[in-house]
Every structure is written in C-alpha cells, then in structure tokens.
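So that the names make sense, note that chain A is the first sequence line, chain B the second, and so on, each numbered from 1.
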2 protein chains.
Amino acid sequence: MHQPTIIDIARQLGISKSTVSRALTAHPNVNEKTRQRVLELAEKLDYQRNQLAISLLTNQTRTIGIMVPEFISFFFPKVIIGAQEELAKAGYNVVICHSNESYEIEVTNARSLFASRVDGLIVSHTKETRNFDHFRTFTRKSIPVVFFNRVWESDEVSKVVVDDYTGAYQAVEHLVQTGRRRIAHLSGPDSLPNSRSRQNGYLDALRHYEVPVDPSLIISYDLTLEKANIYVNHLLSLPEPPDALFTINDPTAIEAIQVIKARGLRIPQDVAVVGFSDDPISALIEPGLTTVAQPVDEIGRQAAACLLAQLQATNPVAEVQTVVLPTRLIVRGSS
Amino acid sequence: MHQPTIIDIARQLGISKSTVSRALTAHPNVNEKTRQRVLELAEKLDYQRNQLAISLLTNQTRTIGIMVPEFISFFFPKVIIGAQEELAKAGYNVVICHSNESYEIEVTNARSLFASRVDGLIVSHTKETRNFDHFRTFTRKSIPVVFFNRVWESDEVSKVVVDDYTGAYQAVEHLVQTGRRRIAHLSGPDSLPNSRSRQNGYLDALRHYEVPVDPSLIISYDLTLEKANIYVNHLLSLPEPPDALFTINDPTAIEAIQVIKARGLRIPQDVAVVGFSDDPISALIEPGLTTVAQPVDEIGRQAAACLLAQLQATNPVAEVQTVVLPTRLIVRGSS
DNA sequence: TTATTATTTCGGAATAATCCAAAATGCACC
DNA sequence: GGTGCATTTTGGATTATTCCGAAATAATAA
C-alpha cells in the first residue's frame, strides 16, 4: 500500500540505497548493469521520487510562488502564463495564490508559501496592502522577490512595471487633440504607485496643453465596479459634466460606457472614453474602447527573468533591478 | 544566515527539541512557563516552521493540486476561486497548474504534483487527453481525484458536471420555438464527454420538434478561435445557409457574431446565435448573447466538497460520486 | 603473484520536524 | 524521609533522500 522508496528497491536488489540513488540520478559512479537493474525495478514498482525529502535536504524546492490580488480579469492570468513559460524553461514549478484583494489573505498566503519554502516570489499586492513585513520575511532570508504592476517601493525587491506616466499622458494628449476640454479621471487608490503615476501623466498632459485642471473631475476610488458606476453617474450629473473620461483600467471604462449609454448619451460625441490595459473585451464592445495597451505576457516574462537572474547569481542583492516596459495607445470608436 | 530551527531554540534555552516542538504546537504536556519562554525566543529569532519536514513525516501536505487546460477565459479562474474558498475553510492550500491545452504539459504537471505529494487533485483535462494513466498514478495510491467540466469517464474518480444535455436541448428548443428551422451546431471534439452531451441535446431537440437534421450543419472542431472563424464563414457560404447557430461555448459564439456582422448580416433577424456558459462578455456585446448559464463557482465548490469528503472518509473509494448541476437559459438580443 | 590504480559500492550523517516510551521532576500525604 | 501519583522533559526513532569518506572489488602493470 505504501509508496515504494529507494530503500525498497535497494532491498529487493540486495544493494545499498546510495547505489540506487545514484542510478536514479544519472550519477557517473555506477555500473551500467546495476543502473539498468535499478531502472527496471523502479519502473516495475512504479517508483516516484519524493520531492519533499529532496527539498528538505537540498533546501531548495525549485518552486516559485506567484501572488496576485485576483485573476478574473485577463491581466493577471496572462502575466502568470508569461512568467510560467519562462520559469518552466529553467526547470521551476509555479504555485499561484490569489488574495481576492484582501490584505489578510495575502499575509496568510505569504506565510504558507514561506513555510513550504518556495525559492522565489513574484507579486502584485492587494489594494489594501500598506504594510510589507510579510514580504520582508523573504528578503531577509535572501529569497528573491519580484513585484509587478502594483509594486512595493523598496530597494530590497526587483520591479517590473509599464511606463504608466507616459501611457496616461498620451491618452489625455489624444483626448485634448480631439477637442476635449473637460476630461474627467477615474483614478485608483493613492496608495498604489501605478495609480499615482497615471494620475501624474493625466495632470501633466492637461498642464502642457493649458487645459484647466478641475479637481472635481478627479476621483480616486476603490476599483470596485459598484463604485465606478456611482461615480460615473455622479460625474454625468454635474452642472458642467465632463466631455471625456479617462479611467485607471478597462473594466472601469467598460462599466462607464454602460452607464453613459443607459443615460442616452452618445459615445464619443457627448462623452469620449479611454481606458487602460487593452482588455480583450475592449475590441468587442460597441463602440470599441480606446485604451492604453501594455505588453501583458512580456511583464510576466520579464518578472520571471528578473527572478531567475537573482536565483542564479552568487550575490542576489546585486541583481535587484527595475524594468520599465513601454505602453501603446490604441484608438478605437470610443474617442 | 540559516533558518532557525527548533534545535536552535532548544539549545539556546537549554531544553530538548521535543519540548520546543510541543510548546510550538499547543500540545498539553508542557509547562506554561516553558511555553512562554519558547514562544518569546521563537518570535525573537523569527522562527518559521519548516512545512517540508512536517509533510515528510506525516505524509500529508495539506495541499490540493488543481489542473486546468487554460485560464484566460473567465470559466476556469471562477471555478478555481470557488474551490479554493471551500478548501481554505478546511485548512488546505491550493496549487494551480495549467497545461495550455497540451497533453504533454498535463502529464508533466501531474508528475510534478505527485512528486510534491499533494493530498488530492481537481482536474479538467486538455482536449488532447485520450490516455489517463497519469491520473491513475494517483488513484492507485488512493489519492482522491475529482474531475469537472471535462471528465475522465472512470469509476475511480468523482465528477462534477452540469446537465449539458438539458442545457443544449433547451437552447435548441428556444431556437425552434422562435421559428428557426436550419439550426447549425458548432460542436467540440467528440472525445470530450460534455461536447457529446451537448450535441445529443441538440439532436434530440430537433427530433422532438420534427426539424430535419442536416449533417452538413454539424461541425466538430478543435475549439480554437481561428477554426471557429473559418467554419462560421463556411456555414454562411452554404447554398442554404443556417438561420441559427448553437455553439459549444461563448467565446465561439462571440467570434461567430463578429463574423456574421462583418458579412453584413443582421442578428438575430438573419442569423440567431446561442452560446454556452454565460461569459461576462455576453452581456456586454451588441447584441447581447443568448446563452446557457452554468453555476460556475458552484462547480468549484462542489468539486472541493467531493474531494474533502474523500479525504475525510476512512474508505475513500466508497465516497466516489458524480454531481450534476443544473443549467439555465438566458435569452438576450442575439435570438 | 603482488602492487597500483580505477571503478563501484557501502554505511552513516545530515536535513527539520513529530511521536512515543521512558525517565525525571514536583508535590501531597503518611 | 519515603511512597505514590501527576506533570513535565528527554532522547532516540522515524520520514526519503543526498552526500561523502571509506571500503570493497575489478582491472592493469610489473
């Protein structure tokens, strides 16, 4: 009933477990005949090596933990796939945790990944995360951590981000150049660096083109669709409503489009909409959503590359780096 | 530099490692004073227990593997979240593997999960999978396996499926009742049981309403969007083109809608379209997609429940079961 | 045959934790 | 102080594997 072990093989063949171990691991110091006998019996007994025992001994699991706040929208799954492809090539396995945007679940997940001794971590944190001690647990033991999208601004970790500032700047520039003057911005929580960068891009574009900044048109919210709905309705009810809307992400923009349509307003004639991320839905809805595209699977691949660089380095701390990837404005019918 | 262990704590406190172990695990046979001293030092040294060592000893990892063919579309992530919620309540962790619809990657993933000694498996296999030996490795060692959506028709494993037959029957019944006579069906590979069930529902509905079955209107394909595009174009180019299209899933239906629109045909006047799954995009596109909804996170929860039942049973084999969940037709503008 | 070298095998240590029987300690009572 | 009992602690075994120095065996040369 129990799993066969190398000791079972050794006993049945009348040899020592060390010899079996070497035969099974392509070690040179073993007679070819012995190796054949071991391999045959292993096959016959359906022997499967116990990775737990090896990991305990070598103190490396060849497993990378990936932590994301959610994976319903296309963004995080796509990043994960990119990272996984790259890591698999290097012989690493991947375990995925999602926190459902809950700080507490994130902390629990981090603890659990630490206890199971992952060799490294790729993270995008929750919107609630303000305290990063649960990641410091890793860096303190020299376990490399790479952040992407939502990043911990610490020099203990590598980061992969897109050029949020320029992406936002170009989006707003496009709106100004197509004649918009009252451009509202649905922004994320100020605690998220990418949210701040996008907001700065928005502000600088307005200033550069000498469009007056109206604080009542800038709304930071919690990224839930319910709140998005409420705030878009609020904006459209203003005495001087906006003639354009630039949102922190595509799901928000898509929700906005539903609200605008429901109010009988035309897109883009009455209100133009621009999102951020190029969610596949953007191309399918009517009108198509103008959006700032980011190289999603490249983000995952770069994050994996950063991590592998640190894992393979003799001095991992020296390999800490920040990668900034370009964005690209895709103009569709909504603007 | 190295991780503190219970032996470090024991040495520093001048007590035995067994006592430290008991103090740390809320075991009764330990003096309250000793426990306090141990807990304090553990905190101070930032001690984290090594789950690998415990798993090796107890031969259980409290980890469940989830294997899916992809997770870009909303379906699999949603199932995973449902399962994860249920498993977390019971104190289990989850590791997720995706095979990208590749049989070979699926086999590799199964091996890797086995080597890391997961306590159970939740699986939806690839469209290529014909041989299930890599799952038999688990059942042979009494490690419970639950399939969902795409299931291995074996009495060694539990299964969670929706009533594909009735869902498809009702979809086609709806099309007949709204006056359609030439209803095409884009079906999946015959090797997938859910694909066959949906096709049978389609056929029986036609027969029941005495609508002639035209084999040239039934196309089994490989579920890629490129092929979907080609086959929809092919159907629309027939001398007697279909006046309705029932597809195996929503992504296919959405692709079909793009093709039909591009050809200048009207939906639903010229061609009605019905999908399967109620992907969130379905409600957002123009026209809204009529579709057969399935209780997605309930599938995940039920799969987790099946697995937990087997894990907690003294005789896991007796707990093997099949759960069938109901579907519900959602009528929107496309029909 | 014997010495030398190369190849192959062996047995124990190590990894970090839990568990259990046995030993030690503490305390009350006579 | 000794006895009995409860509480607490100890040391060694256990889990599956790798690694390493030592030992055994085989092959080669003198």
- Where each residue is assigned the nucleotide of DNA chain D containing its nearest heavy atom, which of B/Leu56 and B/Arg22 is assigned the position nearer the 5′ end? B/Arg22

- Smallest heavy-atom separation, B/Gln321 atom then B/Val323 atom, equals OE1-CG2, 4.0 Å

- Query: Among side-chain atoms of B/Glu106 and B/His125, is any donor-acceptor pair under 3.5 angstrom?
  - Reply: no

- Return the minimal non-hydrogen interatomic distance between A/Val162 and A/Ile299, and the atom names on each side. CG1-CD1, 3.8 Å

- Message: So, using side-chain contact (heavy atoms from CB on, under 4.5 Å) as the criterion, who are the partners of A/Ser18 when residues are at least two apart?
- Response: A/Ser16, A/Arg22

- Query: Does A/Ser116 reach the main-chain N or O of A/Ser112 with its side chain, forming a donor-acceptor pair under 3.5 Å?
  - Reply: yes

- Query: Between the side chain of A/Lys78 and the main-chain N/O of A/Pro295, is any donor-acceptor distance below 3.5 Å?
  - Reply: no

- Item | Interface with DNA chain D, restricted to residues 25-41 of chain B and to heavy atoms under 4.0 Å | B/Asn29, B/Val30, B/Asn31, B/Thr34

- Out of A/Thr5, A/Ile9, A/Ile7, which one pairs with A/Lys17 under the side chain to side chain contact (heavy atoms under 4.5 Å, CB included) rule? A/Ile7

- Query: Does CD in A/Gln312 sit with more than 12 non-hydrogen atoms of other residues, nucleotides or ligands closer than 6.0 Å?
  - Reply: yes

- Message: So for atom CZ, which belongs to B/Arg111, do other residues, nucleotides or ligands contribute more than 12 heavy atoms lying within a distance under 6.0 Å?
- Response: no

- Query: Do other residues, nucleotides or ligands put more than 12 heavy atoms under 6.0 Å from the CD atom of A/Glu104?
  - Reply: no

- Item | Near-strand residues of residues 5-21 of chain B, defined as heavy-atom separation under 4.0 angstrom from DNA chain C | B/Thr5, B/Ile6, B/Lys17, B/Ser18, B/Ser21

- Query: So with a 6.0 Å cut-off around CD of A/Glu32, is the heavy-atom count from everything else above 12?
  - Reply: yes

- Query: When you list every nucleotide of DNA chain C with an atom under 4.0 Å from a heavy atom of chain B, which one comes first 5' to 3', and which comes last?
  - Reply: C/dA16 to C/dC19

- Task: Could you tell me from which nucleotide to which nucleotide of DNA chain D, 5' to 3', there is an atom under 4.0 Å from chain B heavy atoms?
- Result: D/dT8 to D/dA16

- Message: Taking the axis from the first five pairs and the axis from the last five, what angle separates them in the helix from C/dT1-D/dA30 to C/dC30-D/dG1, rounded to 10 degrees?
- Response: 60°

- Message: Between B/Arg62 (side chain only) and B/Ala90 (backbone N and O only), is there a donor and an acceptor less than 3.5 Å apart?
- Response: yes

- Task: Answer with base, sugar-phosphate or nothing: what part of the nucleic acid does B/Leu57 contact at a heavy-atom distance below 4.0 Å?
- Result: base

- Please answer whether the main-chain N or O of B/Asp222 pairs with a side-chain N or O of B/Lys127 as donor and acceptor at a distance below 3.5 Å. yes

- Query: Counting N and O atoms only, with roles assigned by atom type, does the side chain of A/Arg150 sit under 3.5 Å from a partner on the main chain of A/Phe148, one being a donor and the other an acceptor?
  - Reply: no

- Parallel, tilted or perpendicular for B/Trp152 and B/Phe135, by the 30°/60° rule? tilted

